[in-house]
Student: 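Just dropping this structure here.
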Protein chains: 2
Amino acid sequence: MSTAINVRDFSTSLARGLRVITAFDRDHDEMTLSEVSRRADMTRAAARRYLLTLCELGYVTGDGKYFRLTPRVLELGFAFLTSMHIWERAQPFMERLTEQVNESCSISVLEDSDIVYVARVPTKRIMSVALGIGTRLPAFCTSMGRVLLADLRPAELEQFFVQAEFRPLTPYTITDPALLRDRIAAVRQNGYAVVDQELEVGLRSIAVPIRNQAGRVLAAMNVSGHASRISVEEMQQRFLSPLLYAAEGIRMALA
Amino acid sequence: MSTAINVRDFSTSLARGLRVITAFDRDHDEMTLSEVSRRADMTRAAARRYLLTLCELGYVTGDGKYFRLTPRVLELGFAFLTSMHIWERAQPFMERLTEQVNESCSISVLEDSDIVYVARVPTKRIMSVALGIGTRLPAFCTSMGRVLLADLRPAELEQFFVQAEFRPLTPYTITDPALLRDRIAAVRQNGYAVVDQELEVGLRSIAVPIRNQAGRVLAAMNVSGHASRISVEEMQQRFLSPLLYAAEGIRMALA
DNA sequence: ACTTATTGTGCGCATAACGCACAATGATTT
DNA sequence: AAATCATTGTGCGTTATGCGCACAATAAGT
C-alpha cells in the first residue's frame with residue numbers, strides 16, 4: 001500500500017461504504033441492519049444509510065429484515081477481471097500444457113504477500129469458480145509465489161520479509177526466514193521452483209516465470225499434481241520442459 | 001430497483017466512488033486521472049480524491065501517470081460469490097449431467113431483465129472464467145431466462161415486459177411481446193424451455209427449473225449444445241430426463 | 001523555446017453525512 | 001394477554017467532509 005495520503009484527499013464515506021460490502025461473506029450472506037453495523041464497525045444509522053444507498057444502486061437487496069448482496073457487485077470485481085484480458089492469450093498454451101501433462105495449470109501475480117490467480121485450466125476434474133480466478137494463497141509456500149519472490153528487487157524482498165507471516169500450513173512448510181531466502185535464491189539460480197506439500201499435504205507443484213520482452217517477470221505459471229501420482233523428480237523431468245515451452249509461447253503471444 | 005429513497009439517506013460519495021471503480025473496463029484497464037474523471041462524469045479533483053482513497057485501501061494502484069485496478073476489487077464481488085455457496089452442492093449433479101450428455105451445463109438466477117450465471121460446468125473445452133459465473137444474458141431469449149420468467153407472478157411478469165428491451169440478436173430471435181408471452185405460457189405448461197439459436201446462431205439449449213421445497217423456482221439449469229451436433233428433437237428426447245433428474249437431485253440436496 | 005495539455009493541491013464554502021434520541025415495531029418471555 | 005427486550009425507522013441539529021475553483025508545476029508536443 002502507498003504511503004499515507006493527505007487526510008483531506010481521503011474519502012471516509014467511500015471507505016466506510018466499501019466496508020459495508022465486505023462485511024458480507026460466506027458465513028454472513030444475509031444480515032440484519034444491526035449485524036451489518038457491528039461487522040462494519042459503524043453506527044446503525046450510518047450502516048443504514050450505506051445499505052439504502054447500495055440498494056438504490058442495485059448492489060444490495062433487502063426483504064424488510066435481511067440484507068444481501070446482489071450479482072451486480074460482481075461488476076465491481078469484473079472491472080478488474082476484464083482488465084486482465086491479457087491472460088486470455090495464455091489460454092491456448094495452458095490448455096495444451098494441461099492436455100500434455102494431465103495436471104492442472106495456473107497463472108498468478110504477486111500482491112502484497114500473496115499470489116492471486118489470474119488464469120487457470122484445471123484437469124478434467126472441474127472446480128467451482130470460487131476456487132479459481134481471484135484466489136489468494138500465501139506466496140512464501142507456493143511454487144508460483146517463490147518464482148515471483150525471486151524476481152523482486154532486494155528492497156522489495158526485504159519489505160516482503162518484514163510484512164509476511166510464515167505460518168506453517170503442513171508439517172512440511174518451511175517457515176525459517178533464512179531457509180526461505182536460500183530457497184528463493186535457488187529459484188533465482190535455477191529458473192524454476194518446486195514446492196512439495198508445504199501448502200497442502202499431498203500437493204506438489206512446479207512453477208516457472210512468465211517474462212515480458214524486457215525480461216521482467218509478469219507472472220508465474222505452474223502445474224500441480226498429487227504426491228501419490230507423481231514424485232518431485234518426475235515432476236522436474238516431465239513437467240519443466242513443457243512449462244518453459246508454454247511460458248515462452250505466452251511471452252511471444254503477449255508481445 | 002427499489003422506490004427512490006429519502007435523499008438524506010443516500011450517500012453521494014459512496015455512489016460516486018463506485019462510479020470510479022466501474023469506469024475501468026476491458027478497453028480501459030489503465031487510465032490517467034483526466035480519463036477517469038471523464039468516464040466517471042466528475043471533476044478531476046473529485047476523481048483524484050476517490051482514486052487516492054482507493055489506492056490507500058488497496059483497490060487501485062498507480063504508477064504516477066496511469067491508474068489501474070488491483071485484484072483486491074475481486075473481494076467486493078467475491079462477497080457475493082461466497083454468498084452463493086449454496087450452488088456448490090449442485091456441482092456433483094451438474095458434473096454427472098455433463099458427463100452423461102457431453103454438453104455444457106449452467107445454473108442461473110434472474111436479475112432485472114437478465115439471467116446471471118451462478119454455476120457452470122463446461123464440457124471438455126475449457127472456457128475462461130470471465131465467461132462463467134456472473135455472466136449476464138438477456139432473459140427473454142435464453143432457455144433459462146424463459147424458465148425463470150415462467151415462474152414470475154403476473155405483476156412481476158408485467159413489470160418485466162415494461163422494462164425489458166427485446167432486441168433481436170439473431171434472425172431467429174423472437175421479439176414480438178405477444179409471441180413471447182405465448183412461449184412463456186408454454187414453458188409454464190410443459191415445465192421446460194427450449195431455445196433454438198435466438199441468443200446466438202448455432203446455439204441450442206434446453207432448461208428446467210430448480211425448485212425449493214415450497215415449489216418456488218430458485219434458479220434454472222440448462223444444457224446447451226451446437227446446432228450442428230444436435231437437433232431440437234434430440235435435445236428434448238436425450239436431455240430432458242437427465243436434466244429433470246439432476247434438478248430433482250439438486251432440490252433434495254438443497255433441502 | 002514556446003505552446004498546449006495534464007496534474008497537484010490549497011482553500012473557502014456549502015452541504016452531506018454524522019450520531020443521538022425517541023417512537024414504532026417485532027420477538028420473546030412471563 | 002401483558003410485559004419486556006431487541007431491533008428498526010427516522011427527524012434533526014451539528015460539524016466535518018467533500019466540493020470545485022484557480023493557480024502553480026510538470027510533461028508532452030511542435
Side-chain angles (χ1 to χ4, degrees), chain A residues 1-25 27-70 76, chain B residues 1-25 27-70 76:
Chain A
M1 207 171 281
S2 59
T3 55
I5 65 176
N6 188 330
V7 67
R8 285 177 63 106
D9 292 328
F10 188 80
S11 169
T12 50
S13 297
L14 173 58
R16 299 177 94 210
L18 293 173
R19 282 217 311 270
V20 166
I21 295 176
T22 58
F24 290 87
D25 66 15
D27 300 310
H28 305 87
D29 56 347
E30 62 176 19
M31 286 189 284
T32 64
L33 170 57
S34 296
E35 285 178 278
V36 170
S37 76
R38 283 195 292 273
R39 284 181 56 79
D41 189 31
M42 62 181 66
T43 63
R44 242 195 343 104
R48 179 171 179 272
R49 287 191 296 270
Y50 289 123
L51 282 169
L52 291 180
T53 302
L54 292 166
C55 283
E56 185 72 10
L57 298 172
Y59 294 108
V60 158
T61 189
D63 66 6
K65 183 177 170 70
Y66 291 106
F67 294 91
R68 59 176 65 246
L69 295 175
T70 69
L76 300 174
Chain B
M1 207 171 279
S2 60
T3 54
I5 64 175
N6 188 330
V7 67
R8 282 172 68 102
D9 292 328
F10 189 80
S11 170
T12 49
S13 297
L14 173 59
R16 299 177 96 208
L18 294 172
R19 280 214 316 269
V20 166
I21 296 178
T22 58
F24 290 86
D25 66 15
D27 299 311
H28 305 88
D29 56 348
E30 64 176 17
M31 288 189 280
T32 64
L33 170 56
S34 297
E35 286 178 276
V36 171
S37 75
R38 282 196 293 274
R39 284 181 55 78
D41 190 29
M42 62 180 67
T43 63
R44 233 186 359 95
R48 180 171 179 273
R49 286 190 297 267
Y50 289 123
L51 283 168
L52 291 180
T53 302
L54 292 166
C55 283
E56 185 71 12
L57 299 172
Y59 295 108
V60 159
T61 188
D63 66 6
K65 182 177 172 71
Y66 291 107
F67 294 91
R68 59 177 63 246
L69 295 174
T70 68
L76 301 174

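In what follows, chains are A, B, ... by sequence order, proteins preceding strands, each numbered from 1. The figures here come from the full heavy-atom set of this structure, side chains too, leaving out hydrogens, waters and symmetry mates.
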Student: Which whole-number value in Å describes the distance from B/L51 CG to D/dC19 C1'?
Tutor: 16 Å

Student: Which atoms form the tightest heavy-atom contact between A/R44 and A/L33, and what is the distance?
Tutor: O-CD1, 3.7 Å

Student: Hey, what do you get for OH (B/Y50) to OG (A/S13), rounding to the nearest 0.5 Å?
Tutor: 7.0 Å

Student: As an exercise, state the distance from CZ of A/R49 to CZ of A/R16, rounded to the nearest 0.5 Å.
Tutor: 8.0 Å

Student: Starting at the 5' end of DNA chain D, which residue's closest nucleotide do you reach first, B/M42 or A/L33?
Tutor: A/L33

Student: Measuring from atom OG1 of A/T53 to atom CZ of A/R48, what distance do you get when rounded to the nearest 0.5 angstrom?
Tutor: 10.0 Å

Student: Once you round it to whole Å, what is the distance between C1' of C/dA16 and OH of B/Y50?
Tutor: 10 Å

Student: Does OP1 or OP2 of C/dT7 have a side-chain N or O of B/T32 closer than 4.0 Å?
Tutor: yes

Student: Compare side-chain N and O positions of A/T12 against OP1 and OP2 of D/dG18 and report whether any pair is under 4.0 Å apart.
Tutor: yes

Student: Do you know which two heavy atoms are closest between B/L18 and A/L57, and how far apart they sit?
Tutor: CD1-CD1, 3.9 Å

Student: Measure CG/B/L14 against C1'/C/dA16 and give the value in whole Å, please.
Tutor: 13 Å

Student: Please report, rounded to the nearest Å, how far the P atom of D/dC19 is from the CG atom of B/L52.
Tutor: 12 Å

Student: Find the distance B/F10:CZ to C/dA17:P and express it as a whole number of Å.
Tutor: 9 Å

Student: Looking at A/R44 and D/dG9, is any side-chain donor or acceptor paired with a base atom of the opposite kind under 3.5 Å?
Tutor: yes

Student: Where each residue is assigned the nucleotide of DNA chain C containing its nearest heavy atom, which of B/V7 and A/D9 is assigned the position nearer the 5′ end?
Tutor: A/D9

Student: Taking donor-acceptor contacts at under 3.5 Å, does the side chain of B/R8 reach the base of D/dG9?
Tutor: no

Student: With sugar-phosphate meaning primed atoms plus P, OP1 and OP2, does A/A45 contact a base, only sugar-phosphate, or nothing at under 4.0 Å between heavy atoms?
Tutor: base

Student: Of the nucleotides D/dC19, D/dT7, C/dG19, which one has an atom closest to the side chain of B/R16?
Tutor: D/dC19

Student: 5'-most contact on DNA chain D: B/K65 or A/S13, nearest heavy atom basis?
Tutor: A/S13

Student: What is the separation between atom CG on A/D63 and atom P on D/dT8, rounded to the nearest whole Å?
Tutor: 11 Å

Student: Among D/dG18, C/dT7, D/dC19, which nucleotide has an atom closest to any side-chain atom of A/S11?
Tutor: D/dG18

Student: When you check the phosphate oxygens OP1 and OP2 of D/dG20, does a side-chain N or O of B/T43 lie under 4.0 Å from one of them?
Tutor: yes

Student: Can a side chain N or O of A/Y66 be found less than 4.0 Å away from OP1 or OP2 on D/dT7?
Tutor: no

Student: On DNA chain C, does the nearest nucleotide to B/R49 precede the nearest nucleotide to B/E35 from the 5' side, or the other way round? Give the residue.
Tutor: B/E35

